[in-house]
Amino acid sequence: MTDSHDTHKKSQQETGESNKEPTPMEVLRQARAQLAELTGMTAETVSSFEQSEDGWTLEIEVLELARVPDTMSLMAGYQVDLDRQGQLTGYRRVRRYERGRSDAHRPGGR
């Protein structure tokens, strides 16, 4: 006799699913890939990364507009929210700046 837990576990093994939560590096990679797919912009850096009860919050820097010289290119910081499994649940642009300029108004460079 099998219970529903064993049946679900067998089903997960057959489909490759898992209850295991992703590692921080897996979350980071998924966030960058998902944001790039949604916005069409390449993620250059992750400038903040933290886990919460609901999942993960990251700030990802992307190149919005390439210019010459490169220091004049427009960059943007996006806040990206993911659930506990690393699936993107929302994002928003929180700042926009020229690559060659520092942001003196935000503590910790954020």
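- Side-chain atoms of Glu50 and Thr57 include no donor-acceptor pair closer than 3.5 Å.
- Under the 4.0 Å criterion applied to side-chain N and carboxylate O atoms, Glu53 and Arg84 are not assigned as salt-bridge partners.
- Closest approach of Pro24 and Trp56 over heavy atoms only: CG-CH2, 4.1 Å.
- There is no path of hydrophobic side-chain contacts, each under 4.5 Å, that joins Val94 to Leu74.
- With hydrogens and angles left out, the side-chain atoms of Tyr78 and Glu64 include a donor and acceptor closer than 3.5 Å.
- Looking at every heavy atom in both residues, Gly86 comes nearest to Pro22 through N-CG, 4.1 Å.
- Side-chain atoms of Val62 and Leu35, non-hydrogen and from C-beta on, do get closer than 4.5 Å to each other.
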Check the pair Arg99 / Asp70 against side chain to side chain contact (heavy atoms under 4.5 Å, CB included), numbers first and verdict last. CA-CA 7 Å; Arg99 184 189 294 269; Asp70 191 46; 3.3 Å; yes
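- Of all the heavy atoms in Leu88 and Val80, the pair that sits closest is CD1-CG1, 3.5 Å.
- No side-chain heavy atom of Ser48 sits less than 4.5 Å from a side-chain heavy atom of Leu58.
- Residues Met75 and Glu44 have side chains in contact (heavy-atom distance under 4.5 Å, counting atoms from C-beta outward).
- Exactly one residue among Arg95, Arg93, Arg92 makes a side chain to side chain donor-acceptor pair (under 3.5 Å) with Gln79. That residue is Arg92.
- With a 4.5 Å cut-off on side-chain heavy atoms, Gln34 and Leu82 count as touching.
- Pairs passing the salt bridge (charged side-chain N to carboxylate O under 4.0 Å, His left out) check and including a residue from residues 26-40, sequence neighbours excluded, do not occur.
- Linking ILVMFWY residues whenever their side-chain heavy atoms come closer than 4.5 Å, directly or via other members, leaves Met41 and Tyr97 in distinct clusters.
- Residues Ile60 and Leu38 share a single hydrophobic cluster, defined by chaining ILVMFWY side chains whose heavy atoms lie under 4.5 Å apart.
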